[in-house]
Amino acid sequence: DQDITKSCEMLGFREIVIGSRESALYEGDGKDRKLIMEQLEAIQPDIVFIMWPQDSHPEHRRVSQNAYDAILNSFWDQKLSSVREIYAFETDCNQSMQYFLPDFYIRIGDVEEDLKAALKICIAGKGEILWQKKHDQAHYRGWSSDFGNTMAEGFKVIKFPGGTGMEG
């Protein structure tokens with residue numbers, strides 16, 4: 001958790017929420033969903049990013065579903081009216097690239113060194129390996145998006161909770 005917090009702070013995150021990890025494998029329960037709901041309701045974000053719900057990593061799927069359920073529960077309880085858009089990102093190309101077809105791309109080449117440093121901090125011992133995978137995946141996305149030889153991240157539109165997302 002300290003590595004994750006340090007990494008997030010380095011990237012300039014304003015809010016960092018880490019639930020409990022009572023077991024080695026994240027199960028995602030009502031307590032976690034409630035924590036996510038409370039944070040969303042306090043922050044009132046316009047846009048929320050979640051992991052790709054069809055990721056092949058079991059924990060990533062649970063985190064994604066828990067976050068999505070929290071967003072929708074808070075929305076339907078009329079405590080979260082600010083969220084206009086929800087986007088999903090893929091965490092690792094070998095876990096989802098086969099069936100993750102982005103709706104849009106964002107260039108990330110300008111933050112390459114920050115991303116590299118954050119991954120190396122956050123995933124102690126595996127940072128270099130994960131960085132190389134992220135680097136290769138982001139360059140593939142750059143070419144896929146016609147940005148050329150730069151890094152890009154792909155996103156899927158998941159939901160516009162307030163309707164189409166086009167109003168106001």
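For reference, positions follow the sequence shown, starting with 1.
- Separating the CZ atom in Arg107 from the CE atom in Met151 is a distance of 14.0 Å, to the nearest 0.5 Å.
- Met51 contributes atom CE, which lies 8.5 Å from atom NE2 of His57 (distance to the nearest 0.5 angstrom).
- Note: Leu40 CG to Phe75 CZ = 13.0 Å, rounded to the nearest 0.5 Å.
- Proximity of Pro102 to Arg141: side-chain heavy atoms (C-beta onward) are separated by under 4.5 Å at one or more points.
- Among all heavy-atom pairs drawn from Trp52 and Glu90, the shortest one is CB-CA, 4.3 Å.
- Ion pairing between Glu38 and Lys34 holds under the 4.0 Å rule for side-chain N and carboxylate O.
- Side-chain contact between Ile158 and Tyr68 is present, with at least one heavy-atom pair separated by less than 4.5 Å.
- The closest side-chain heavy-atom distance from Asp46 to Glu85 is not below 4.5 Å.
- Note: Lys134 NZ to Glu112 CD = 12.0 Å, rounded to the nearest 0.5 Å.
- The distance from the CZ atom of Arg33 to the CG atom of Asn66 is 5.0 Å, given to the nearest 0.5 Å.
- To the nearest 0.5 Å, the span separating CH2 on Trp131 from CG on Asp136 amounts to 9.5 Å.
- At a threshold of 4.5 Å between non-hydrogen side-chain atoms, the residues Tyr87 and Lys156 do not count as touching.
- Residues Phe100 and Ala88 approach most closely at CZ-O, 3.8 Å, considering heavy atoms.
- Here the side chains of Ser74 and Asp77 are not in contact, with every heavy-atom distance at 4.5 Å or above.
- Residue Asp110 qualifies as open at atom CG: its count of foreign heavy atoms under 6.0 Å is 12 or below.
- Ile108 and Ala138 make their closest contact through CD1-CB, 4.0 Å (heavy atoms, listed as atom of the first residue, atom of the second, distance).
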